Amino acid sequence: MTHPPYLSPAYRSTLLRAPSRPPLRMKADADAIELTSPVFGHHEVADHEADLTAQHSGEPLGERIVVSGRILDGSGRPVRNTLVEVWQANSAGRYAHERDQHPAPLDPNFTGAGRCLTDDEGRYRFVTVKPGAYPWRNHHNAWRPAHIHFSVFGTAFTQRLVTQMYFPGDPLFPFDPIFQSIPDAAARERLVAAFDLDATEPEWALGYRFDVTLGRTPMEDS
Amino acid sequence: MTTPSQTVGPFFGYALPYAQGGELVPEDHPGAITVTGRVLDGEGEPVPDALLELWLGETGTRGALDRRGPGVSGFGRCPTAPDGSYRFRTARPATPYLALLVFARGLLKPVATRIYLEDAPDPLLDSLEPALRATLIARAETADAYVFDVRLQGEEETAFLEF
Ligand SMILES: [Fe+2]
């Protein structure tokens, strides 16, 4: 099983929010609108939105990184022109969100949100800073491993994916109920980006590679 | 190998919502309808940090994200308010239903459902027992204002779908 179950008691917020019934398996219906997806236009997303380090007058503090990869469908084909959105904490582990109460500094030069459309090979690329780990109130001494939130569309509304990208070798993995909510260890590893020397830019930024494979649509299965 | 889902978390509010995201058509759009409601948890408490996405099945004349000028955007996005409420303004879909996805802190993957604007014969609706069927049908408050609550868990839990 790739995806986490809805109910994952160690992640306490699931207790009152996880549906108690399994979802109804839809019968094949070629006309179901969920088998289609929005089409995005380049007039809707500006190129500079993919650079999270250039949204303010100065440069954000932290380790500058380039995160790039490909969005693929279940058959390994590139998903072109699809919308990829990211958001993250700053290098100190603080979100530019009014409800984040972590007493770490905000960075006036970092908001931490970006988006782009994939190219004809399904590629995306963001320039950002490495986010810090941050505490949360799920249990005593709970800390989230450093992560970048990803939102991806795909070619069918059924493929819509929101996930989190992690960094290799994070010592917090064994203790994080959100990462560990994915039952299969190999599936968890697919959320860990790879350090990529080829994507690393000399004298400038480390590169990380994170490919995303969207689920098959039922029509492809039949 | 499919990439696993993770929760949208509590801090998407400064990143994913965009201006007029819940307004798929301008206010003066002929035949525009509103769909409002609340997202509720297993104790019937409002979920103040959910994100709803509405899909009409076609990108629309304005583009999915674009909100400029007259016409239709086929996609909408609306975060819930502190009282768990949301509000969309949209064109009537070509199908009897609108597709809805709900993301939230505590949902490790989204829930998918449909908002039917009328209780009429339909392959999905007809396959459900009456109480479950009722969870998919919006209540018409006026001819152009519909109410649809999403109950994530519990007795009147919304029928969620898997494709
Ligand atoms: Fe986060």
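The structure presented is a predicted model; accordingly, all values stated were derived computationally and were not measured. So that the names make sense, note that chain A is the first sequence line, chain B the second, and so on, each numbered from 1.
Within residues 14-32 of chain B, the residues approaching chain A closer than 4.5 Å by heavy atoms are, in numerical order, Y14(B), A15(B), L16(B). Within residues 40-53 of chain B, the residues that have a heavy atom under 4.5 Å from a heavy atom of chain A are D41(B), G42(B), E43(B), V47(B), P48(B), D49(B), E53(B), listed by number.
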| Working for side chain to side chain contact (heavy atoms under 4.5 Å, CB included), residues I178(A) and Q6(B) | CA-CA 7 Å; I178(A) 293 180; Q6(B) 295 270 265; 3.4 Å; yes

| said: The test is side-chain hydrogen bond (donor to acceptor under 3.5 Å, both in side chains); show your working for W55(B) and T36(A) and say whether it passes. | reply: CA-CA 9 Å; W55(B) 171 232; T36(A) 63; 3.1 Å; yes

| query | Between L108(B) and I182(A), does a side chain to side chain contact (heavy atoms under 4.5 Å, CB included) hold up when you go through it step by step? | reply | CA-CA 9 Å; L108(B) 285 160; I182(A) 300 160; over 6 Å; no

| request: Start with the C-alpha gap between R105(B) and S13(A), add the side-chain angles, then the distance that decides, and say whether side-chain hydrogen bond (donor to acceptor under 3.5 Å, both in side chains) holds. | output: CA-CA 7 Å; R105(B) 171 176 64 83; S13(A) 296; 2.7 Å; yes

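Interatomic distance, F150(A) CZ to S5(B) OG, rounded to the nearest 0.5 Å: 14.0 Å.
Although no hydrogens or angles enter the test, the distance criterion places no donor-acceptor pair under 3.5 Å between the side chain of E162(B) and the main chain of M26(A). A donor-acceptor contact shorter than 3.5 Å links the side chain of Q153(B) to the backbone of A18(A). At distances below 3.5 Å, not a single donor-acceptor pair connects side-chain atoms of T59(B) with backbone N or O atoms of P38(A). Using modelled atom types, one side-chain atom of R25(A) and one backbone atom of F163(B) make a donor-acceptor pair closer than 3.5 Å. When atom types are taken as modelled, the side chain of R21(A) and the backbone of E157(B) share a donor-acceptor pair closer than 3.5 angstrom. A donor-acceptor contact shorter than 3.5 Å is absent between the side chain of R17(A) and the backbone of L152(B). The main-chain N or O of P5(A) is never found under 3.5 Å from a side-chain atom of K109(B) such that the two would form a donor-acceptor pair. Although no hydrogens or angles enter the test, the distance criterion places a donor-acceptor pair under 3.5 Å between the side chain of T163(A) and the main chain of P4(B).
Heavy atoms of R115(A) lying under 4.5 Å from chain B belong exclusively to its side chain. Of the atoms belonging to P10(B), it is backbone heavy atoms, and not side-chain ones, that fall under 4.5 Å from chain A. At a 4.5 Å heavy-atom cutoff, E189(A) makes no contact with chain B through either its backbone or its side chain. Only the backbone of T158(B) comes within less than 4.5 Å of a heavy atom in chain A; its side chain stays farther off. For T111(A), the parts sitting under 4.5 Å from any heavy atom of chain B are the backbone and the side chain alike. Proximity to chain B (any heavy atom under 4.5 Å) is shown, for L72(A), by neither the backbone nor the side chain. Interface remark: L124(B) contributes side-chain atoms only to the contact with chain A (heavy atom separation under 4.5 Å). Only the side chain of S151(A) comes within less than 4.5 Å of a heavy atom in chain B; its backbone stays farther off. When heavy atoms are compared at a cutoff of 4.5 Å, V152(A) does not approach chain B at all. With a 4.5 angstrom heavy-atom cutoff, E85(A) touches chain B only via side-chain atoms.
Heavy atoms from other residues, nucleotides or ligands lying under 6.0 Å from CD of E156(B) number 12 at most. Heavy-atom contacts from other residues, nucleotides or ligands closer than 6.0 Å to CG of D83(B) number more than 12. The local environment of CD in E49(A) is crowded, with over 12 non-hydrogen atoms from other residues, nucleotides or ligands closer than 6.0 Å.
Among G112(A), G114(A), A186(A), P22(A), the residue with the largest count of heavy-atom pairs under 4.5 Å with chain B is G112(A). In terms of heavy-atom pairs under 4.5 Å with chain A, the best-connected choice from L101(B), T95(B), L107(B) is L101(B). Note: P110(B) leads G9(B), P110(B), G74(B) in heavy-atom pairs under 4.5 Å with chain A.
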Tabulate below the donor-acceptor pairs under 3.5 Å that side-chain atoms of residues 134-151 of chain B make, not counting sequence neighbours, or state none.
| residue | atom | partner | partner atom | Å |
| --- | --- | --- | --- | --- |
| T135(B) | OG1 | L132(B) | O | 2.7 |
| T135(B) | OG1 | A159(B) | N | 3.0 |
| T142(B) | OG1 | D144(B) | N | 3.3 |
| T142(B) | OG1 | D144(B) | OD1 | 2.9 |
| T142(B) | OG1 | A145(B) | N | 3.2 |
| Y146(B) | OH | R92(B) | NH1 | 3.0 |
| Y146(B) | OH | R92(B) | NH2 | 3.2 |
| D149(B) | OD1 | R38(B) | N | 2.8 |

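Ion pairing between R62(B) and E44(A) fails under the 4.0 Å rule for side-chain N and carboxylate O.
In this structure, the ring pair (Phe, Tyr, Trp, His ring centres under 6.0 Å) partners of F153(A), at least two apart in sequence or on a different chain, are F40(A), F75(B).
Here the side chains of L161(A) and T3(B) are in contact, with some heavy-atom distance below 4.5 Å.
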